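Note sheet for the following structure.
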Amino acid sequence: MKHDYGAMSRRAILVAALTALLAGCIGAPDQPKRKPERGTGASLSQSPQARACLANLGATQAKFTPLTDQYYGAGCSTLGAVRLAALQGDDGRLDVTNLGPLTCPVANSLQGWARFGVDRAARQILGSPLVRIETMGSYSCRNVAGTNRLSAHATANAVDVSAFRLADGRRISVVSDWNSSSPQVRAFLRTVRDSACKRFGTVLTPDYNAAHRDHFHLEPGGLRPLCR
C-alpha cells in the first residue's frame with residue numbers, strides 16, 4: 001500500500017496547531033472585568049476663580065468646609081459653595097448660626113462685614129465686642145415673595161441676618177431694635193447696614209418693606225446696587 005506521507009504530514013501539523021490553539025484559549029486565565037465607573041453627579045468647583053475664592057476665605061481664618069456642586073432642579077443649585085462654621089473677628093472667633101450652603105464669594109463678603117463692619121461697630125458704639133451673628137438661613141429653593149422670580153437664596157447667593165450677640169450678653173435684634181429707644185443701638189444697626197452696603201450689591205432692611213422687618217437680606221446683587 002502506498003502512503004501519501006506528504007498529506008499525512010500536513011494533517012499532523014494541522015492537528016498539532018489546532019491542539020495548541022485550543023489549549024491556549026482554554027487554559028488562559030479570565031481577564032478581570034472592570035467595574036463600571038459610577039458618577040456621583042457632584043464635584044468640587046475647580047475653576048481658577050473658585051480656587052482663588054477658597055484661598056482668600058482661608059486666609060481670613062474663617063472656619064469652613066468646601067461643598068460639592070449640586071443641582072436640585074427648578075433652577076435651584078449650590079455651586080462653588082461652602083459651609084461656614086465660624087467667622088473671624090479682630091480678637092478671635094465669631095460664631096454664626098443657622099447657615100446652610102453659601103457661595104464662596106458671599107461667604108467672603110460676610111466674613112469681611114462681620115469683622116470690619118459689625119465687630120468694630122459693636123466695640124466703638126456699644127462698648128462690647130461681637131461674639132455671634134444669628135441668621136435665618138442662606139440656601140432655600142424658593143421664589144422672591146409674591147413673584148415668579150427665583151430668589152438669590154435658591155442659588156445660595158444670599159443670607160438673612162437677624163441678630164447680633166455681644167460679649168457682655170446683650171442681644172441686638174433687627175426686629176426688636178431697629179427702632180430702639182437707645183440712640184446707640186439704633187446707630188449700631190444703621191452703621192452695620194451701611195457697612196454691608198459696601199460689600200454686598202443688595203442689602204434690604206426694615207426700611208425696605210414689611211417682609212424684611214426682622215432681618216437684613218444680603219446678596220451680591222446685579223448691575224444696580226440696592227441699599228435700603
Side-chain angles (χ1 to χ4, degrees), residues 39-50 52-54 56-57 62 64-85 87 96-114 117-118 133-164 173-179 189-190 192-228:
T40 63
S43 61
L44 288 174
S45 293
Q46 295 297 323
S47 69
Q49 295 87 348
C53 184
L54 292 173
N56 290 338
L57 187 58
F64 66 94
T65 303
L67 301 176
T68 54
D69 289 348
Q70 296 282 355
Y71 295 88
Y72 299 100
C76 298
S77 63
T78 53
L79 309 180
V82 301
R83 188 176 297 277
L84 276 174
L87 303 169
V96 60
T97 67
N98 201 39
L99 273 183
L102 194 63
T103 61
C104 183
V106 176
N108 261 310
S109 296
L110 185 64
Q111 164 58 44
W113 177 64
V118 185
I133 291 179
E134 299 177 9
T135 85
M136 299 170 68
S138 49
Y139 171 76
S140 178
C141 187
R142 67 173 190 259
N143 290 336
V144 175
T147 76
N148 293 322
R149 181 167 56 88
L150 205 62
S151 168
H153 288 285
T155 52
N157 266 307
V159 57
D160 291 339
V161 174
S162 57
F164 309 91
S173 76
V174 176
V175 69
S176 298
D177 297 307
W178 184 249
N179 293 313
L189 287 175
R190 281 151 182 80
V192 300
R193 184 269 317 274
D194 293 344
S195 177
C197 292
K198 297 176 182 177
R199 293 173 171 81
F200 297 91
T202 297
V203 177
L204 305 178
T205 74
D207 284 345
Y208 182 64
N209 62 16
H212 296 85
R213 68 189 183 283
D214 56 358
H215 67 277
F216 293 164
H217 171 90
L218 313 175
E219 68 171 275
L223 298 177
R224 299 176 59 184
L226 177 59
C227 176
R228 186 177 174 188

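Model, not experiment: these values are computed from the prediction. Values reported hereafter were calculated over all heavy atoms of this structure, with side chains retained and with hydrogens, waters and symmetry mates removed.
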Does a side-chain heavy-atom distance below 4.5 Å link Thr78 with Leu67? no
Do Val144 and Ser151 have side chains that get closer than 4.5 Å, going by heavy atoms? yes
Taking the side chain as every heavy atom from C-beta outward, state whether Asp214 and Val174 have any pair of such atoms under 4.5 Å apart. no
Ring-plane angle category for His212 and Tyr208, please: parallel below 30°, perpendicular beyond 60°, tilted otherwise. perpendicular
Kindly assign one of parallel, tilted or perpendicular to the pair Phe164 and Trp113, based on the angle between their ring planes and the thresholds 30° and 60°. perpendicular
Which label fits Phe216 and Trp178: parallel for a plane angle under 30°, tilted from 30 to 60°, or perpendicular past 60°? perpendicular
In short, Ala156 meets Tyr139 closest at the heavy-atom pair N-CD1, 3.8 Å
Side chains of Pro220 and Val106 in contact at under 4.5 Å (non-hydrogen atoms): yes
About how many Å separate CG of Leu189 and OG1 of Thr205, when rounded to the nearest 0.5 Å? 9.5 Å
Compare all side-chain heavy atoms of Leu218 with those of Arg199 and state whether any distance is below 4.5 angstrom. no
Any side-chain heavy-atom pair from His217 and Asp160 closer than 4.5 angstrom? yes
Less than 4.5 Å apart, any side-chain heavy atom of Ser77 and any of Gln70? no
Just how far is it from atom CG of Leu79 to atom OG1 of Thr155, taken to the nearest 0.5 Å? 8.0 Å
State, without any angle test, whether Asn157 and Thr103 hold a side-chain donor-acceptor pair at a distance under 3.5 Å. yes
